[in-house]
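Taking it in order: structure first as structure tokens, then the write-up.
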Protein chains: 2
Amino acid sequence: MVDTTKQRLIDAAGAIFAEKGYEAASIREICQLADANIAAVNYHFAGKRALYVAAVRHAQCCRQEDVPFPEFPPDLAPADQLRALIGVMFERMLSPHRPQWHLELMLRELARPTEACVAVVDDYIRPMSDTLRAILNQLLPADLTEEQRWMIGFSTVAQVLFYYTHQPIIRVLMQSRDGEALPLDQLADHVTRFTLAAIGAGPVVVAAGVSPAGSHSVKVASGRDA
Amino acid sequence: MVDTTKQRLIDAAGAIFAEKGYEAASIREICQLADANIAAVNYHFAGKRALYVAAVRHAQCCRQEDVPFPEFPPDLAPADQLRALIGVMFERMLSPHRPQWHLELMLRELARPTEACVAVVDDYIRPMSDTLRAILNQLLPADLTEEQRWMIGFSTVAQVLFYYTHQPIIRVLMQSRDGEALPLDQLADHVTRFTLAAIGAGPVVVAAGVSPAGSHSVKVASGRDA
DNA sequence: AATCCATTCAAACGCTTGTTTCAATCAACT
DNA sequence: AGTTGATTGAAACAAGCGTTTGAATGGATT
């Protein structure tokens, strides 16, 4: 936005905290990247810790603006809503067209919560979780316990998260593939079909790319392609 | 095993590296926990980095011994094999009856690979991956591409991993539940059914606990209960 | 022009880090 | 008993850390 020292510090801090983690990142390195004096951190913020929290808060704000939730046509089939949401999740995570450190920073926070965690959960995770659960509830039978609905939701998110967090290992394991990452759409299709089939709301198609009938080649505009 | 200084250093290092990460862990803290002199690290190893690598290598050795692969009766149904393997995975991760830092250390390495990563993948991940893929191949139709088989495997592992890595968030999100973690068997049942249903190799049961018919109340001895 | 206030800057603070040094120790072998 | 070689010990090392200080800067207000 504006090119103040404070803003440049937040951006630089976010990038370096995300890359190296809190402890390994140094004030001096951050200030060098931000083209600011070392004392600026303790002037504009209350110290390293406060700068970190500010960076996390800023990250989730940006990320929400970047890839907003899709506005579902109210009559869109629940299965297509699911595909759209999963598409957004993948796009928020793997799409390379924006600084990667926003998501990275938040995931660090979620895996090892500090004081900034509750903010991330309330402002970022919870809305997404609510949306997912609402969609799933349209697809699920009525006689399930809340606990079961949670687990189904977790199984869905888990797949998306896995492809982000463990991308390096995936490439090492698959090695036959020439180091190239799997296409984003293919992943979203797979996760959607896998999930739908698991809850009995779709054909037992096992993976993307070979849909036996045209029954489920959903392709929904995911957010802001145009 | 033996109570040498070297071994005590590896144990202490593993625990602290797992808890705090490489950068945040200090030699002095490790040595204090190991009841060793600070110089011992540079005497028995070549420095902090080498101690870290040694700890990672030791961790995977132990973990393999702790919860070995189940010896499947050769005629065990593939679906039950899957349940058994998923049970072992959960047990290796969430079972509290052993020092937790082994797995923790390896996951840190996998999420952010350093020089010790290839060893972890080759010695620990690959065997598990091969076993899983062998079981899945028995359940899957023959006309799938390798890529599709990989994705199905990933979707399976992802669910298990999720419940470990994001346990803190899960508790915050579910909050209705009184902070108590979900029972291990319930998780393993859910993941197994979810996966089987997704690939069309099981009833479209949606979650654990409400199997409509007795058709799939698999319960396999997972490893070394007796 | 003078005052004020926010901001920047270079330097130093005290502290902790990983590593090195070298004397002290101890068991084993001649 | 004496010597050797491996191990431990306390202290010091230079380097980096987060933070603080107090003077310099620059633009707006009086």
Side-chain angles (χ1 to χ4, degrees), chain A residues 1-59 101 104-105 108-109 112-117, chain B residues 1-59 101 104-105 108-109 112-117:
Chain A
M1 309 289 173
V2 286
D3 190 48
T4 66
T5 300
K6 190 170 179 176
Q7 190 57 51
R8 269 182 291 122
L9 272 178
I10 290 185
D11 285 332
I16 293 188
F17 280 138
E19 180 191 342
K20 307 194 162 185
Y22 179 78
E23 312 280 354
S26 89
I27 293 279
R28 283 172 172 82
E29 187 180 5
I30 291 172
C31 288
Q32 184 178 350
L33 180 61
D35 201 25
N37 191 274
I38 341 175
V41 169
N42 282 279
Y43 176 76
H44 291 286
F45 306 90
K48 186 184 184 183
R49 188 96 238 160
L51 176 58
Y52 171 77
V53 175
V56 172
R57 302 184 90 93
H58 177 68
W101 63 263
E104 185 67 36
L105 198 59
R108 269 188 192 272
E109 186 61 36
R112 212 156 277 273
T114 74
E115 56 197 283
C117 177
Chain B
M1 309 291 170
V2 286
D3 190 47
T4 65
T5 300
K6 190 170 180 176
Q7 190 58 49
R8 269 181 292 122
L9 272 177
I10 290 184
D11 285 332
I16 293 188
F17 279 138
E19 181 191 341
K20 308 193 162 188
Y22 178 78
E23 312 281 352
S26 89
I27 294 277
R28 282 171 172 81
E29 187 179 5
I30 292 173
C31 288
Q32 184 179 350
L33 180 61
D35 203 25
N37 191 274
I38 329 178
V41 169
N42 283 279
Y43 176 76
H44 290 285
F45 307 89
K48 187 185 183 183
R49 189 96 236 159
L51 175 59
Y52 171 78
V53 175
V56 173
R57 301 185 90 93
H58 178 67
W101 63 263
E104 185 66 37
L105 198 58
R108 269 188 192 275
E109 186 61 36
R112 212 156 279 272
T114 74
E115 56 196 285
C117 176

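As the structure is a prediction and not an experimental result, all values here were calculated from the model. In the text below, chain A, chain B and the rest are named by the order of the sequence lines, each starting its count at 1.
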Check: Can you list, by residue number, the residues of residues 12-20 of chain A that have a non-hydrogen atom closer than 4.0 angstrom to DNA chain C?
Finding: none

Checklist line | Non-hydrogen side-chain atoms of A:Asp11 and A:His58 separated by less than 4.5 Å | finding: yes

Item checked: d(CG, A:Leu9; P, C:dC9) in whole Å -> 11 Å

Item checked: nucleotides 11-18 of chain C: protein proximity per nucleotide (B base, S sugar-phosphate only, - neither; heavy atom, under 4.0 Å) -> -B----BB

Note to self: Expressed as a whole number of angstroms, how long is the span from B:Phe45:CZ to C:dT20:C1'?
What the structure shows: 18 Å

Margin query: Does D:dA6 have its OP1 or OP2 closer than 4.0 Å to a side-chain nitrogen or oxygen of B:His44?
Written below: no

Notebook entry, point to check: Atom NE2 in A:His44, atom CG in A:Leu9: separation rounded to 0.5 Å?
Noted result: 6.5 Å

Margin query: With a sphere of 6.0 Å drawn around CZ of B:Arg8, does it hold more than 12 non-hydrogen atoms of other residues, nucleotides or ligands?
Written below: yes

Item checked: d(CG, B:Asp3; P, D:dT7) in whole Å -> 15 Å

Checklist line | Heavy-atom side-chain contact between A:Arg49 and A:Thr114 under 4.5 Å | finding: yes

Note to self: Please report the distance, rounded to the nearest Å, between CG in A:Asp35 and P in C:dT8.
What the structure shows: 11 Å

Next item on the list: Verify the contact: side-chain N or O of B:Thr5 to OP1 or OP2 of D:dT8, cut-off strictly under 4.0 Å; return yes or no.
Entry: yes

Check: DNA chain C: A:Ala36 or B:Arg49, which has the more 5' nearest nucleotide?
Finding: A:Ala36

Next item on the list: Would you verify whether the NZ or CZ of A:Lys6 falls within 45 degrees of the ring axis of A:Phe45 while also being under 6.0 Å from that six-membered ring's centre?
Entry: yes

Going by atom type alone, with no hydrogens or angles, which donor-acceptor pairs under 3.5 Å involve a side-chain atom of residues 29-40 of chain B and a protein atom two or more places apart or on another chain?
from: B:Glu29; atom 1: OE1; to: B:Lys20; atom 2: NZ; distance (Å): 3.2
from: B:Glu29; atom 1: OE2; to: B:Lys20; atom 2: NZ; distance (Å): 3.2
from: B:Asn37; atom 1: OD1; to: B:Ala39; atom 2: N; distance (Å): 2.9

Item checked: No-hydrogen, no-angle side-chain donor-acceptor test under 3.5 Å, B:Glu109 and B:Tyr52 -> yes

Check: To the nearest angstrom, how far is A:Tyr43 atom OH from C:dC9 atom P?
Finding: 13 Å

Checklist line | Separation of B:Ile10 CD1 from B:Thr4 OG1 (nearest 0.5 Å) | finding: 8.0 Å

Notebook entry, point to check: Once you round to the nearest 0.5 Å, how far does CG of B:Leu105 lie from CZ of B:Phe17?
Noted result: 8.5 Å

